[in-house]
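Heads up: the structure comes next, in structure tokens.
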Amino acid sequence: MVAIARYLNVTLIVPELDKTSFWADPSEFQDIFDVDHFIMSLRDEVRILKELPPRLKRRVELGVTHAMAPISWSDISYYHNQILPLIQQYKVVRLNRTDARLANNGQPMEIQKLRCRVNFGALKFTPQIEELGRKVVRILRQEGPYMVLHLRYEMDMLAFSGCTQGCKQEEVEELTRMRYAYPWWKEKIINSDLKRRDGLCPLTLEETALTLRALDIDPSIQVYIAAGEIYGGERRMASLAAAYPNLVRKETLLEPSELRFFQNHSSQMAALDYLVSLESDIFVPTYDGNMAKVVEGHRRYLGYKKTILLDRKHLVDLIDQHNAGSLTWDEFSTAVKEAHAERMGNPTKRLVILDRPKEEDYFYSNPWECLEPSYEDEL
């Protein structure tokens, strides 16, 4: 939205955050991000205000405004041709659901570089979050290297995705009921087995443990779990804990009093995990959600720090073969290593899929236009 406001030469109001998700986090933008830093660092690019001026606020109160969700993955020219005339007509246009509304590829270089400046410079967490994040990293570093495992195995993720591998029957029924209870989750009837085979499910805890072992990740390494509450609790964590007993979380590293301010604010808790993930020796996401993608890109931006990008479709096929006895452990481990040799966050150009932008590599996971040395230099 900053890039779009700059391109259209219009004023941006500090964003409001969605509060209707499963977690119902009441956090405002300024509860997570340093809003003064955000505004000041971009002052030469775009005018940003914390709220509408009184005259325009009155127009909103009278309903003389326009609200809409922009078309996903749009070229920047869409905003000039379709959105700017609406702003000129209504003076205030409220754009809602604004993630993934600008295309990944084919945008002017200055737009791409501005997106990076916003994401990796202007967006800075509040001093309280930054300070606590630094403390967690210090505690971890005192014990040596650490890996962050970004597990997407919370109740809402499983209900939304319909991925129920390893769940008990009553858990499957509970997750199904939740999916039907949320009207904005459009897909209701989901074949979990088919979705898993297509690589569209987060890895289970059991699959994750097998994969890390196959990649020869040191079993004594500290493994920081970046996640909400794991669905199935200790039962589902057992195989991972057996393979990697040095599991830690922010809740085990910090005093309850230090986290009290963040309780029931999932976005602020995720911000802590984000900071710890950035600094880790290895980052492993088990699913490619928004946070995992942006951490991946930020780690590339910081010098191509080791990020293991799991090929879930290939992995579940190998895991099933191994579990069925058709692949020995050595064969399985070799195949997993070969499949991921070039999936460690190394320099590469984004995948472009014409007419299917949703399936392309996400700009923020690999903003190669902004990286030094540039991708062309690497070649």
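Counting begins at 1 with the first residue of the sequence. All values below were derived from every heavy atom in this structure, side-chain atoms included, with hydrogens, water molecules and symmetry-related copies excluded. Keep in mind that this is a model prediction, so the values were computed, not measured.
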(message) Please determine whether a side-chain nitrogen of the Lys or Arg among Lys135 and Glu258 lies less than 4.0 Å from a carboxylate oxygen of the Asp or Glu.
(response) yes
(message) If hydrophobic clusters are built from ILVMFWY residues whose side chains come within less than 4.5 Å, do Val136 and Leu302 share one?
(response) yes
(message) As a test of understanding, state which of Thr211, Thr208, Ile217, Leu149 forms a side chain to side chain contact (heavy atoms under 4.5 Å, CB included) with Val284.
(response) Leu149
(message) Test of understanding: clusters of I, L, V, M, F, W, Y form through side-chain heavy atoms closer than 4.5 Å, transitively. Do Phe283 and Met291 belong to the same one?
(response) yes
(request) Measure the OH-CZ distance between Tyr287 and Arg152 for me, rounded to the nearest 0.5 Å. (result) 8.5 Å
(request) Please examine the side chains of His298 and Asn119, heavy atoms only from C-beta on, and report whether any two atoms are closer than 4.5 Å. (result) no
(message) Return the CG to CG distance between Leu203 and Leu310, rounded to the nearest 0.5 Å.
(response) 5.5 Å
(request) Decide whether Thr204 and Glu206 meet the rule of one side-chain donor and one side-chain acceptor closer than 3.5 Å. (result) yes
(message) Can you classify the ring geometry of His265 versus Phe261 as parallel (below 30°), tilted (30 to 60°) or perpendicular (above 60°)?
(response) parallel
(message) Please find the pair of heavy atoms, one from Val14 and one from Ile48, that lie closest to each other, and give the distance.
(response) CG2-CG2, 3.9 Å
(request) Mark yes or no: Arg115 above the aromatic ring of Phe363, with NZ or CZ under 6.0 Å from the six-membered ring centre and no more than 45 degrees from the axis. (result) yes
(request) Decide yes or no for Arg300 and Thr348: does some side-chain heavy atom of the first lie under 4.5 Å from some side-chain heavy atom of the second? (result) yes
(message) Salt bridge or not between Glu16 and Arg94? Use side-chain N to carboxylate O under 4.0 Å.
(response) yes
(request) Indicate yes or no: at least one non-hydrogen side-chain atom of Arg101 is less than 4.5 angstrom from one of Leu95. (result) no
(request) Answer yes or no: does atom NZ of Lys188 have more than 12 heavy-atom neighbours from other residues, nucleotides or ligands under 6.0 Å? (result) yes
(message) Looking at Lys50 and Asp36, is there a salt bridge between them, counting it only when a charged N and a carboxylate O are closer than 4.0 Å?
(response) yes
(request) Take atom CD of Glu342 as the centre, draw a 6.0 Å sphere, and report whether it contains more than 12 heavy atoms from other residues, nucleotides or ligands. (result) no
(message) side-chain contact (heavy atoms from CB on, under 4.5 Å), that's the test. Do Asp193 and Gln165 meet it? Break it down for me.
(response) CA-CA 7 Å; Asp193 291 335; Gln165 181 79 6; 3.9 Å; yes
(request) Check whether any side-chain heavy atom of Thr126 sits under 4.5 Å from a side-chain heavy atom of Asp31, and report yes or no. (result) no
(message) Do Ile4 and Leu86 land in one hydrophobic cluster if side-chain heavy atoms of ILVMFWY residues count as linked below 4.5 Å?
(response) yes
(request) Output, in order, the C-alpha distance, side-chain angles, deciding distance and verdict of side-chain contact (heavy atoms from CB on, under 4.5 Å) for Leu210 and Arg213. (result) CA-CA 5 Å; Leu210 271 177; Arg213 284 179 52 216; 4.0 Å; yes
(message) Closer than 4.0 angstrom, basic N to acidic O: yes or no for Glu360 and Arg356?
(response) no
(message) Return the CG to NZ distance between Asp361 and Lys349, rounded to the nearest 0.5 Å.
(response) 12.5 Å
(request) In plain terms, say whether Lys124 and Glu130 are close enough for a salt bridge, that is, a side-chain N and a carboxylate O under 4.0 Å apart. (result) no
(message) Check this for me: does any side-chain nitrogen of one of Glu171 and Arg235 sit under 4.0 Å from a carboxylate oxygen of the other?
(response) yes
(request) Could you tell me whether the side chain of Ile76 reaches within less than 4.5 Å of the side chain of Pro108, counting heavy atoms only? (result) yes
(request) Count the heavy atoms of every other residue, nucleotide or ligand shown that sit under 6.0 Å from CG of Asn9, and state whether that count exceeds 12. (result) no
(message) Check Asp281 with Arg141, please: is the shortest side-chain N to carboxylate O separation under 4.0 Å?
(response) yes
(message) How about CZ on Phe160, more than 12 heavy atoms from neighbouring residues, nucleotides or ligands closer than 6.0 Å, or not?
(response) no
(request) Taking atom CD of Glu131 as the centre, report whether more than 12 heavy atoms of other residues, nucleotides or ligands fall under 6.0 Å from it. (result) no
(request) Kindly check if the number of other-residue, nucleotide or ligand heavy atoms within 6.0 Å of NE2 (His80) is above 12? (result) no
(request) Given side chain to side chain donor-acceptor pair (under 3.5 Å), test Tyr7 with Gln107 step by step and report yes or no. (result) CA-CA 11 Å; Tyr7 183 78; Gln107 305 311 305; over 6 Å; no
(request) Heavy atoms only: give me the nearest Pro367-Gly297 pair and the separation to one decimal. (result) CD-CA, 4.1 Å
(request) Establish, from distance only, whether the side-chain atoms of Arg299 and Ser277 form a donor-acceptor pair under 3.5 Å. (result) no
(message) Within the structure provided, determine whether Thr307 and Met344 are in side-chain contact (heavy-atom separation under 4.5 Å).
(response) no
(message) Ignoring hydrogens, what is the shortest heavy-atom contact between Ser239 and Ala209? Give both atom names and the distance.
(response) O-CB, 3.9 Å
(request) Inspect the contact between Arg350 and Glu369 and indicate whether a charged nitrogen and a carboxylate oxygen are less than 4.0 angstrom apart. (result) yes
(request) For residues Pro70 and Tyr79, report the shortest heavy-atom separation together with the two atoms involved. (result) CB-OH, 3.3 Å
(message) Would you say Tyr224 and Asp273 are linked by a side-chain donor-acceptor pair, where the criterion is simply a distance under 3.5 Å?
(response) yes
(request) Any chance you could measure Met68, atom CE, to Arg97, atom CZ, to the nearest 0.5 Å? (result) 10.5 Å
(request) Mind running side chain to side chain donor-acceptor pair (under 3.5 Å) on Ser27 and Asp25 for me, showing each step along the way? (result) CA-CA 6 Å; Ser27 297; Asp25 186 342; 2.7 Å; yes
(request) Would you name the heavy atoms of Ala159 and Leu175 that are closest together and state the gap between them? (result) CB-O, 3.5 Å
(message) In the structure I gave you, are the side-chain heavy atoms of Lys195 and Ile190 within less than 4.5 Å of one another anywhere?
(response) yes
(request) For the pair Asp44 and Arg117, find out whether any cationic side-chain nitrogen is under 4.0 Å from an anionic carboxylate oxygen. (result) no
(request) Compute the ring centroids of Phe38 and Phe33, then answer whether they are less than 6.0 Å apart. (result) no
(message) Grouping I, L, V, M, F, W and Y whenever their side-chain heavy atoms are under 4.5 Å apart, do Leu318 and Leu309 come out in a common cluster?
(response) no
(message) I'd like to know if Glu61 pairs up with Arg58 as an ion pair, taking the criterion as any Lys NZ or Arg NE/NH1/NH2 lying under 4.0 Å from an Asp or Glu carboxylate oxygen.
(response) yes
(request) Can you see which heavy atom on Leu275 is nearest to which on Gly133, and at what distance? (result) CD1-CA, 4.1 Å
(request) For residues Glu296 and His150, determine if any side-chain heavy atom of one lies less than 4.5 Å from a side-chain heavy atom of the other. (result) no
(message) Take a 6.0 Å sphere around CD1 of Ile189 and say whether it holds more than 12 heavy atoms from other residues, nucleotides or ligands.
(response) no
(message) Applying a strict under-4.5 Å side-chain criterion to I, L, V, M, F, W and Y, I'd like to know whether Trp185 and Tyr231 cluster together.
(response) yes
(message) Working to the nearest 0.5 angstrom, can you tell me the gap between Asn366 CG and Asn346 CG?
(response) 9.5 Å
(request) Please determine if Lys337 and Asp216 form a salt bridge, counting it only when a charged side-chain N lies under 4.0 Å from a carboxylate O. (result) yes
(request) Kindly indicate, with the supporting measurements, whether the criterion side-chain contact (heavy atoms from CB on, under 4.5 Å) is fulfilled by Asp320 and Arg196. (result) CA-CA 11 Å; Asp320 288 348; Arg196 173 179 173 270; 2.9 Å; yes
(message) With side-chain contact (heavy atoms from CB on, under 4.5 Å) as the criterion, how do Tyr153 and Thr286 come out once you've worked through the C-alpha distance, each side chain's angles and the decisive distance to 0.1 Å?
(response) CA-CA 9 Å; Tyr153 214 78; Thr286 61; over 6 Å; no
(request) Measure the CG-CZ distance between Leu151 and Arg236 for me, rounded to the nearest 0.5 Å. (result) 11.5 Å
(message) Could you tell me if Ser77 and Asp75 have a donor-acceptor pair between their side chains, going purely by distance under 3.5 Å?
(response) yes
